[in-house]
Amino acid sequence: MPQTLGLLEDLTVGENVLLPARLNERETNDIDDHADSLMRRFGLDHLLDRHPAEISLGEQQRTAVARALSLRPGLVLADEPTAHQDHGFADVVLSALREHAAAGAAFVLVSHHAQAWDAADRLLTMSDGVLG
């Protein structure tokens, strides 16, 4: 079974990104502004009213990353956050992750892509189940 991105199919792109704020019952003005900025940056602003099944896998992945960053969490665990991105959007996603880290967040990013490795402050490799 392929991995999924955890988007809720009944919610639109915009609703998926704002879901953590709604579930957290937090004041949403600042979060909405930040989420809007992320959606514009990730090229999703024209897709806000579409559902995940109506957009590409790369757009779904960027929606999931925007949702993950929308509340400005202190820790982000990212498994292949650029796997479905072309080089240009991979740069956009990695740049957003780096900026979030520079603001004080910690990231654990797992990737097979050298482009993601280049964005890391520290690189660990795993071979045959051994972390090195």
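Just so you know, these numbers use all the heavy atoms, side chains as well, and skip hydrogens, waters and symmetry mates.
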- Note on the structure: In short, Phe42 meets Phe89 closest at the heavy-atom pair O-CE2, 3.4 Å
- Task: Working to the nearest 0.5 Å, report the span between CG of Asn16 and CG of Leu7.
- Result: 4.5 Å
- Message: Other residues, nucleotides and ligands only: do more than 12 of their heavy atoms fall within 6.0 Å of CG on Asp118?
- Response: yes
- In terms of heavy-atom contacts, Ala105 and Pro73 come closest through CB-O, 3.5 Å
- Looking at Leu23, Val13, Asp32, which one forms a side chain to side chain contact (heavy atoms under 4.5 Å, CB included) with Leu18? Asp32
- Query: For Gly88, does its backbone N or O pair with a side-chain atom of Asp86 as donor and acceptor, under 3.5 Å?
  - Reply: yes
- Query: What distance separates Thr63 OG1 from Arg50 CZ, expressed to the nearest 0.5 Å?
  - Reply: 11.5 Å
- Item | Hphob cluster co-occupancy, Met126 + Leu124, side-chain heavy atoms under 4.5 angstrom | yes
- Keeping the roles fixed (side chain from His112, backbone from Ala83), state whether a donor-acceptor pair exists under 3.5 Å. no
- Task: Indicate whether any N or O donor in one side chain lies under 3.5 Å from an N or O acceptor in the other, for His51 and Glu9.
- Result: no
- Just wondering, do Val65 and Leu38 contact through their side chains at under 4.5 Å, heavy atoms? no
- Assess whether side chain to side chain contact (heavy atoms under 4.5 Å, CB included) is satisfied between Val92 and Gln85, documenting all intermediate values. CA-CA 10 Å; Val92 170; Gln85 304 305 313; over 6 Å; no
- Task: Compute whether any side-chain donor of one residue and acceptor of the other, for Ser56 and Glu59, lie under 3.5 angstrom apart.
- Result: yes
- Give, for atom CD1 of Ile55 and atom CD of Gln61, the distance between the pair rounded to the nearest 0.5 Å. 11.0 Å
- Task: To the nearest 0.5 Å, tell me how far Leu8 CG sits from Glu15 CD.
- Result: 10.0 Å
- Task: Provide the closest heavy-atom pair for Ser70 versus Ala35 in the form atom of the first, atom of the second, distance.
- Result: CB-CB, 4.4 Å
- Message: My understanding is that only one of Val76, Leu94, Thr82 makes a side chain to side chain contact (heavy atoms under 4.5 Å, CB included) with Leu109; could you say which?
- Response: Leu94
- Task: Kindly indicate whether the side chain of Leu19, heavy atoms from C-beta on, has any atom under 4.5 Å from the side chain of Leu11.
- Result: yes
- Heavy-atom check, side chain of Asp121 versus side chain of Arg98, under 4.5 Å: yes
- Going through the distances and angles, do Arg41 and Glu99 end up as a side chain to side chain contact (heavy atoms under 4.5 Å, CB included)? CA-CA 13 Å; Arg41 184 175 188 176; Glu99 288 173 19; 2.9 Å; yes
- Any idea which heavy atoms bring Gln60 and Pro52 closest together, and the distance? NE2-O, 2.8 Å
- Item | Verdict with reasoning, His113 to Glu80, per side chain to side chain contact (heavy atoms under 4.5 Å, CB included) | CA-CA 8 Å; His113 296 106; Glu80 299 285 359; 3.6 Å; yes
- Message: If I take atom CG from residue Asp45 and atom CE from residue Met39, how far apart are they, to the nearest 0.5 angstrom?
- Response: 8.5 Å
- With rounding to the nearest 0.5 Å, note down the distance linking CD in Glu54 to OG1 in Thr12. 10.0 Å
- Task: Would you check, one step at a time, whether the test side chain to side chain contact (heavy atoms under 4.5 Å, CB included) holds for Leu69 with Leu97?
- Result: CA-CA 8 Å; Leu69 297 179; Leu97 296 177; 4.0 Å; yes
